[in-house]
Every structure is written in C-alpha cells, then in structure tokens.
Amino acid sequence: MAFECWKIYFLVALLLMFHGFCYSEKAPYYTFVKEATSAPGISFYDYIIIGGGTSGCPLAATLSENAAVLVLERGGSPYSNPRMTDMGSFATSLSDTSPASMSQQFISEDGVYNARARVLGGGSVLNAGFYTRASVGYVRRAGWLQPLVDRSYQWVEKKVVFKPPMLQWQTAVRDGLLEAGVLPNNGFTYAHIYGTKVGGTIFDREGHRHTAADLLEYAYPERTSVYLHATVQRILFLTKERQRPKAYCVIFKDAYGKNHRACLKNNNPKNEIILSAGALGSPQMLMLSGIGPAHHLVAHGIKVVVDQPIVGQGMSDNPMNLLFVPSPVPVESSLIQVVGITRADSYVETASGLSFAYSWARTLSDNYALFSNQTGQPSMVTPEAMANAVDLVQSFVNGTIRAGVILEKIMGPISTGHLELRSTNPEDNPSVTFNYFHEPEDLRRCVEGMQTIIRVLNSRALSRFRYSDMSVQGLINLMVNIPTNLRPRHVNSALSLEQFCMDTVTTIWHYHGGCQVNRVVDQDYKVLGVDSLRVIDGSTFYHSPGTNPQATVMMLGRYMGLRILHDREKLSYEKN
C-alpha cells in the first residue's frame with residue numbers, strides 16, 4: 001500500500017508541477033462581452049464565429065474593423081477570477097473537473113487523459129504559455145503568404161508575448177541540451193529552427209497570463225458582440241432551390257437552456273458563419289449540423305446536408321513522454337521556456353518547481369477512479385490507495401518539492417486517428433482516437449527524444465540538480481510505476497525505450513485535425529460542398545506547427561481575418 005501511495009504522490013507531482021504565488025490582475029473591461037441570457041431571440045450579423053478561443057478572438061477583433069461580428073463562446077470569461085489564470089494556478093485550472101470549469105476533461109479511446117478548453121480565449125487560458133512561431137517551411141507548405149504571416153504574428157506579440165526570466169533550472173537544462181549536441185545555441189527567439197533556444201511566453205514578469213481573449217482589446221466595440229455560456233446546437237442551411245446548401249443561421253442555448261437564433265444579414269454575399277471551435281469542437285459541430293459521414297449521421301438521427309466522410313478524420317495528438325527529476329537543491333517555479341529542437345524531429349522541453357494542495361490531490365483521486373470506470377480498463381492503482389495517498393500529499397502542502405520534469409514531444413505526428421459523435425448533445429465530448437505511435441517513424445522519434453533527455457540528465461550542467469544515488473534507470477523505473485494513463489504496462493517497459501514510449505505516453509494538449517485543408521475545407525478554409533461557412537482553427541492542420549501551436553493558431557485568426565476583409569472590401573469596390 002505504501003508503494004501505491006508513493007506512485008500517486010509522484011503522479012500528483014507531475015500534474016501539479018508548478019508552484020507560485022497567485023496574483024490579482026485588473027481585467028480588460030469589454031462592454032461587448034455579455035452573458036447569452038441577455039441575447040435577443042433572434043439577431044443578425046455579418047459574421048458569426050462559433051468559438052471564442054485561440055483563433056476565434058483574433059479573428060473577431062480583425063473582422064470588427066469593417067463588419068458586425070458575433071462570437072458565441074460556450075464557456076465563461078477568464079477575467080471572472082484572474083487568479084485562476086496566473087502561473088501559480090496552471091495545474092489547478094487544468095485539472096478542475098467542476099461543471100463550470102475552464103477545462104473540460106476527456107479521455108481518448110487510446111486510454112490517455114486529455115482536456116479541452118471551455119473559456120473565452122480557449123487553450124491559451126490553460127496551457128503552459130510557451131510561444132514560438134511555425135517554421136518557414138511550415139508556412140510555405142501551408143500556402144500562406146510569409147509577409148502577411150509575419151505581420152500577423154507581430155500583431156499578436158505586441159499584446160500578449162514576453163521574454164521569460166532564465167533562472168537556475170531552465171539555464172541548466174539549456175546548457176545540458178547544448179552539451180547533448182542540440183546545436184547551435186539560438187538564444188532568445190520566436191523562430192522555429194534547429195538547435196537550442198529560449199522561446200517567448202504569454203506570462204509576464206509578475207506571473208500574469210495574457211491570452212487570446214486579450215486580443216479583443218483590438219476589437220471595435222460598436223461592431224463586436226460576444227456571448228458567454230452560449231452553446232451552439234447546430235448550424236442551419238438553406239437548401240431549397242439551391243445547387244449548394246448555404247449556411248445562414250445558428251441556434252444556441254444560454255445558461256438557462258433557452259434557445260436563441262443568430263443569423264447572417266442578407267445584404268452581402270460575403271457574410272459567413274465561421275467555425276473556430278477547435279480540433280474537437282469544429283468537426284463535432286459540422287456533424288451535428290449534418291455535414292459528415294452519412295451513415296454515422298443517420299445512425300444518430302441527424303439529417304444529412306452533405307455526405308462528407310472525411311469530417312473527423314486525420315485526428316492527431318503529439319505524444320509526450322517525460323522523466324520526473326528530484327533535485328537535491330532548490331529549483332525555481334517555471335513553465336516551458338527552453339526547447340531543444342533536434343534533427344531527429346523531437347523537441348525537448350522542461351519545467352520545474354512543485355507544490356501540492358490537498359484539494360487537488362482529492363480531485364486526482366476522484367478523476368482516476370472516474371476515468372477507470374468509464375473505460376472499463378483495469379485500474380493499476382486502487383481508489384483506496386489513491387485516497388490514502390491524499391494524506392501523504394497533505395504533509396507537503398506547506399512545502400515545495402525540489403524537482404523538475406524534462407519531456408519530449410515528437411514532430412508531426414504521422415500517426416492519425418478519427419473522431420465520432422457519442423451523442424447529439426453538443427456539450428458531450430465526442431469519441432476520439434489518436435492512434436499514438438501507430439506509425440513506426442513516430443516511435444523512432446520518441447526513442448531518439450528520450451535518448452536526448454538521457455544525455456541531458458548525464459550532462460555536467462545538470463549534475464548539481466541530480467541525486468548521486470538516483471540513476472537514470474531509476475528515474476525510468478519511477479515513471480513506469482506512475483499511472484500517467486490507463487494503458488497497460490508491459491514487463492519490459494523500463495528496459496525498452498520503445499515500450500516505455502508506448503506505455504507511458506501522455507498528451508501535451510496539441511491535438512489537431514478533423515477538418516483538414518483540401519479534405520474538408522479548401523485553401524481559403526471554406527467548407528467544401530456548402531456556401532457561407534468556413535473553419536479557421538487547429539482542426540485544419542495536418543501537423544502541429546512549431547513546438548507549441550498557440551502562436552500559429554492566434555496568427556491564423558488575424559491572418560484569415562485580414563484576407564476575408566480584403567475580399568469583402570474588394571467586392572464593395574467592384575460594386576461601386
């Protein structure tokens with residue numbers, strides 16, 4: 001029983017890995033952000049954006065420059081409790097399972113815990129804050145215009161990005177990466193290039209988080225409306241006497257369950273509904289609205305608007321594997337700042353500083369039992385052992401554990417899965433399978449990433465942060481015995497890096513796909529087979545850009561907003 005408690009103790013440590021003070025922060029006062037309960041029964045706009053997330057907020061702010069814009073966000077405001085978005089509350093917010101939380105937890109069919117955002121600002125409100133641009137090659141392959149991409153990144157960076165402080169642990173890992181051969185030293189840069197670098201962060205020097213919601217400060221208030229706790233039920237289409245269905249309205253529910261309707265003005269053919277609900281939400285909403293595999297829609301009683309079998313396909317999640325590293329000396333509280341971008345197509349990152357709270361240990365206990373029951377998979381740790389671990393964790397509430405984590409994430413990935421509806425309730429999570437390491441190349445990248453981590457751990461730079469009697473093999477053994485997921489453990493997990501990667505895989509929350517370009521949407525992000533509907537978010541990606549996608553997702557909102565406005569103004573000019 002004691003050993004089981006220690007396994008849970010370390011799992012809590014990994015989930016609640018970041019310690020710091022909570023800070024108060026004055027929130028931007030947006031006169032146009034209101035509860036959906038205040039919405040009229042029907043209203044009309046030039047653009048209706050479903051999802052006020054990482055792409056939806058910059059998209060709305062941009063379109064408001066010359067159009068009336070409505071944003072429908074199913075979650076609440078990140079400003080209602082600013083402390084919950086500060087650095088010290090990272091793990092608390094991410095692991096919150098309450099019905100009104102900013103994080104909606106789910107578990108993939110692969111047996112890996114995961115979460116999706118449910119808040120204005122989307123994933124930028126919950127993530128570890130790292131900011132890095134996509135590579136030049138990624139931009140070229142996406143068919144984006146590099147000068148406009150650069151200007152769009154700069155627009156984002158002026159508002160929400162900062163240079164992080166480099167303290168002892170982060171500096172040691174950076175130097176360890178250089179010793180391990182992850183060269184050159186690229187210093188501080190937003191660029192995604194081979195070597196070791198310090199990237200940007202959306203946390204300022206006081207630990208306050210700056211999110212995509214802050215980009216609404218750019219919006220024109222008189223042309224912007226944002227409704228919170230507005231859960232879109234479906235998109236409506238005109239089909240009679242038309243060659244192609246045309247999106248024209250959405251139905252959404254407020255917090256009291258009352259239905260409202262938002263529709264496009266009929267004064268301009270460029271008016272559109274835009275899905276920015278994320279890699280789970282966007283394909284889910286297309287299906288709920290009748291666009292998807294016909295047999296699947298019919299099975300759920302959904303009227304088929306367009307039989308589009310590719311909706312929900314191509315789902316990918318970049319697998320993450322890590323080692324927990326206890327330290328004999330103090331380490332700072334830090335999130336992701338340093339990254340080693342290897343030529344083996346794996347990225348090595350780190351974070352440090354651990355604190356524990358009794359309530360979150362209890363939450364972890366409840367979640368583990370819940371997820372185990374949902375999947376039907378055998379639990380590796382009993383709920384009783386988990387509960388007993390709470391008392392163990394309690395003894396550390398007033399202390400800070402000296403430890404860090406070093407993790408690797410692979411590029412891509414190549415392995416893909418799919419998404420399906422579980423029900424016709426848009427508040428339910430869809431079923432998603434990522435097929436981690438299905439492709440051998442992904443597994444090779446993970447193994448090489450873990451080998452890089454081992455070289456960093458054995459470097460001179462990190463030696464002062466290592467216990468002399470705790471070998472790398474001991475750290476690997478520790479991870480194998482932590483229930484980081486619901487996947488079975490194999491007897492050779494600690495001896496084979498291939499098996500270690502497969503058995504201890506976790507998410508880094510960079511999942512994408514489901515509405516990919518040239519499969520579900522065209523190069524202009526217009527949904528194939530219908531009019532007046534686009535998808536602009538990470539669901540259109542084939543691969544995750546850079547080492548963290550949030551910079552590119554925010555950029556894409558600004559980039560496409562400018563392109564859409566250009567087309568709108570061009571039409572107006574031609575009419576005149």
Side-chain angles (χ1 to χ4, degrees), residues 25 27-28 30 52-65 78-79 85-87 117 120-140 142 144-166 170 186-193 195-220 276 334-339 341 347 349 510 536-538 541 544-563 565:
E25 180 180 18
Y30 296 137
T54 310
S55 60
C57 287
L59 177 62
T62 302
L63 292 176
S64 74
E65 294 174 14
Y79 308 117
T85 62
D86 285 342
M87 186 184 295
L120 187 68
S124 68
V125 180
L126 297 170
N127 64 24
F130 193 65
Y131 183 95
T132 178
R133 297 182 179 187
S135 67
V136 173
Y138 190 101
V139 171
R140 182 178 63 254
W144 299 331
L145 302 174
Q146 187 70 59
L148 184 57
V149 165
D150 291 341
R151 292 198 299 273
S152 298
Y153 275 126
Q154 291 163 5
W155 182 86
V156 171
E157 290 154 9
K158 287 178 183 177
K159 188 70 68 174
V160 302
V161 187
F162 306 86
K163 181 178 180 179
M166 284 291 292
Q170 292 283 340
N186 292 310
F188 172 70
T189 180
Y190 299 147
H192 184 77
I193 48 180
T196 296
K197 74 168 190 173
V198 178
T201 179
I202 60 173
F203 291 102
D204 64 24
R205 289 278 176 164
E206 286 72 44
H208 305 319
R209 181 189 291 268
H210 297 259
T211 75
D214 292 8
L215 298 174
L216 288 172
E217 294 174 15
Y218 284 122
Y220 286 73
S276 296
S334 67
L335 295 177
I336 308 302
Q337 298 175 6
V338 169
V339 60
I341 301 172
Y347 311 140
E349 303 173 358
H510 294 172
I536 300 175
D537 60 22
F541 294 166
S544 182
T547 52
N548 184 304
Q550 74 166 339
T552 301
V553 176
M554 286 190 278
M555 179 281 295
L556 184 62
R558 172 64 174 175
Y559 177 92
M560 284 306 301
L562 290 172
R563 286 190 54 188
L565 283 183

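Source: prediction; values computed, not measured.
Remark: of the listed residues Asn548, Ile341, Val339, Val339 is the sole one forming a side chain to side chain contact (heavy atoms under 4.5 Å, CB included) with Glu349. Of the residues Asp214, Asp204, Thr201, Asn127, the one that meets the side-chain hydrogen bond (donor to acceptor under 3.5 Å, both in side chains) test with Arg209 is Asn127.
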>> Show, in sequence, the C-alpha distance, side-chain angles and deciding distance for Tyr559 and Arg151, and conclude whether the side chain to side chain contact (heavy atoms under 4.5 Å, CB included) test is met.
In response: CA-CA 8 Å; Tyr559 177 92; Arg151 292 198 299 273; over 6 Å; no

> What do the steps show when you test Val553 against Gln550 for side chain to side chain contact (heavy atoms under 4.5 Å, CB included), and what is the final call?
Replying inline: CA-CA 5 Å; Val553 176; Gln550 74 166 339; 5.6 Å; no

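Applying the salt bridge (Lys or Arg N to Asp or Glu O under 4.0 Å) test to residues at least two apart or on different chains, the pairs with a partner in residues 546-563 are Glu65-Arg558, Asp524-Arg563.
Leu120 places a side-chain heavy atom less than 4.5 Å from the side chain of Leu216. Thr211 places none of its side-chain heavy atoms less than 4.5 Å from the side chain of Thr85. In this structure, the side chains of Tyr138 and Trp144 come closer than 4.5 Å at one or more pairs of heavy atoms. A heavy-atom distance below 4.5 Å is found between the side chains of Pro58 and Trp155. Two residues are said to be in side-chain contact when any heavy atoms from C-beta on lie closer than 4.5 Å; Leu565 and Thr62 meet this criterion. Looking at heavy atoms from C-beta onward, Ser135 lies out of side-chain contact with Ile193 at the 4.5 angstrom threshold. Val198 places none of its side-chain heavy atoms less than 4.5 Å from the side chain of Lys163. Residues Phe203 and Asp86 are not in side-chain contact: their nearest non-hydrogen atoms beyond the backbone lie 4.5 Å or more apart.
Cation-pi contact between Lys159 and Tyr218: present, with separation from the ring centre below 6.0 Å and deviation from the ring axis of at most 45°.
Nearest heavy-atom pair across Val149 and Met555 is O-CG, 3.8 Å. Here the closest heavy-atom approach between residue Asp537 and residue Ser55 is recorded as CB-OG, 3.4 Å. A pairwise comparison of heavy atoms in Gly199 and Phe188 identifies O-CE1, 3.5 Å as the closest pair. When all heavy atoms of Tyr153 and Ala551 are compared, the closest pair comes out as CE2-O, 3.5 Å. Shortest non-hydrogen contact noted between Gly123 and Ala117 is N-CB, 3.5 Å. Closest of all the heavy-atom pairs between Leu59 and Ser276 is CD2-OG, 3.8 Å.
Salt-bridge annotation for Lys158 and Glu217: absent, with no side-chain N of the basic residue lying under 4.0 Å from a carboxylate O of the acidic one.
Here the CG atom belonging to Leu335 is positioned 9.5 Å from the CD1 atom belonging to Ile202, to the nearest 0.5 angstrom.
There is a side-chain donor-acceptor pair under 3.5 Å between Gln170 and Ser334. The closest side-chain donor-acceptor pair between Lys197 and Thr132 falls under 3.5 angstrom. Checking Gln154 against Asp150 by side-chain atom types alone, no donor-acceptor pair falls below 3.5 Å.
Note on ring orientation: taking the six-membered ring where Trp is involved, the planes of His210 and Phe162 are tilted (angle from 30° to 60°).
Not counting sequence neighbours, the partners of His192 by the ring-ring contact (aromatic ring centres under 6.0 Å, His included) test are Tyr347.
Under a 3.5 Å cut-off, the side chain of Ser124 and the backbone N or O of Ala212 do form a donor-acceptor pair.
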